[in-house]
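Accompanying notes for the structure given below.
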Amino acid sequence: MTGRPNLVLIGFMGSGKTTVGRRCAQELGLRFADSDSLVERKAGRTIAEIFAEYGETDFRSREREAVGELAAQKDQVISTGGGVVLQEENVTALRATGLLIFLNASPEDIVERTSGRSHRPLLAGAGNPFDCVRELLGQRMEIYLAAADVVLDTAGLDRTEVVERVKCAYLRQADTALASR
Ligand code: S3P
């Protein structure tokens with residue numbers, strides 16, 4: 001497949017994947033794609049509605065389909081939903097055409113950024129938001145780390161610094177990473 005490798009952002013809800021992804025796409029001259037938005041467009045429903053009407057398993061299968069479509073093209077920055085790494089098939093597909101960069105945000109930053117949690121069904125339940133984030137993050141951390149080509153700790157960095165570091169990692173590593181797959 002011709003084209004430049006994809007730049008794929010993975011990480012927990014509220015880690016900045018969409019904002020950072022849009023800016024990187026603009027600055028690198030790549031298309032921007034978001035797996036959650038594709039799921040929503042294809043379903044004609046929001047993620048919250050899909051969870052409420054059909055449940056998480058159904059959402060995960062829609063997510064798999066959307067990821068498969070996106071990973072079949074190049075020249076894109078792809079922002080993924082926070083749970084995309086839970087299905088190995090997604091990681092395999094994304095790695096075949098892209099460099100996976102994990103935006104590793106602190107639980108404090110995540111709680112702050114997801115405080116209006118109504119559109120995020122997995123955080124919308126009862127309970128202390130901090131405990132909820134910590135627990136899910138604890139369950140997923142190893143999976144993010146295993147999937148990632150590059151880990152970027154974002155604590156203490158502003159958005160512009162994150163964008164610069166992501167772009168830099170992509171420009172330095174994407175071609176070599178893909179050639180060795
Ligand atoms: C999810 C993260 C969400 C969305 C869905 C499930 C998760 O995406 O895909 O609510 O399992 O972490 P964001 O990471 O963009 O919020």
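All ligand and atom numbering here is 1-based and tracks the order in the structure. Being a predicted model, the structure only gives us computed values, none of them experimental. In this chain, numbering begins with 1 at the start of the sequence shown.
Contact atoms of ligand 1 toward Arg120: 16 (O) (distance under 4.0 Å to a heavy atom of the residue). Of all the atoms in ligand 1, the ones that sit under 4.0 Å from a non-hydrogen atom of Pro121 are 10 (O). Taking a cut-off of under 4.0 Å to the non-hydrogen atoms of Leu122, the atoms of ligand 1 that pass are 7 (C), 11 (O). Near Lys17, with a cut-off below 4.0 Å to any heavy atom, the atoms of ligand 1 are 13 (P), 14 (O), 15 (O).
Under 4.0 angstrom from ligand 1, there are no non-hydrogen atoms of Thr114. Of the heavy atoms in Arg62, none comes closer than 4.0 Å to ligand 1. Residue contacts with ligand 1, taken as heavy atom pairs separated by less than 4.0 Å, do not involve Glu56 at all.
A salt bridge links Glu53 with Arg45; the closest basic N to acidic carboxylate O contact falls under 4.0 Å. Ion pairing between a basic and an acidic side chain is recognised when a charged N comes within 4.0 Å of a carboxylate O; Lys17 and Asp36 show no such pairing. Using a 4.0 Å cut-off between a side-chain N of Lys or Arg and a carboxylate O of Asp or Glu, Arg4 and Asp175 do not qualify as a salt bridge.
Among Glu40, Met13, Arg60, the residue whose heavy atom sits closest to atom 11 (O) of ligand 1 is Arg60. Which of Asp36, Val85, Thr18 comes nearest to atom 3 (C) of ligand 1 through a heavy atom is settled by distance: it is Asp36. Checking Leu137, Ile47, Val84 against atom 5 (C) of ligand 1, the nearest heavy atom belongs to Ile47.
Within the cation-pi definition used here (under 6.0 Å to the ring centroid, within 45° of the axis), Arg62 qualifies as a partner of Tyr54.
Between Gly82 and ligand 1, a contact under 3.5 Å exists for at least one N or O pair.
Residues Ile10 and Ile110 are members of one and the same hydrophobic cluster, defined by side-chain heavy-atom contacts under 4.5 angstrom among Ile, Leu, Val, Met, Phe, Trp and Tyr.
Given atom 12 (O) of ligand 1, the protein heavy atom at minimum distance is Arg140 NH1, 2.7 Å. Among protein heavy atoms, atom 7 (C) of ligand 1 sits closest to Gly83 N, 3.3 Å.
Here the straight-line distance linking atom OG1 of Thr97 with atom CG of Leu70 works out to 9.0 Å at 0.5 Å rounding. In this structure, CG in Leu157 is found 4.5 Å from CZ in Arg165, a value given to the nearest 0.5 Å.
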Note to self: Checking Glu56 against Arg60 for the salt bridge (Lys or Arg N to Asp or Glu O under 4.0 Å) test, could you report, in this order, the C-alpha distance in whole Å, the side-chain angles of both residues, the deciding distance, and whether it holds?
What the structure shows: CA-CA 6 Å; Glu56 180 173 351; Arg60 295 296 174 203; 3.0 Å; yes
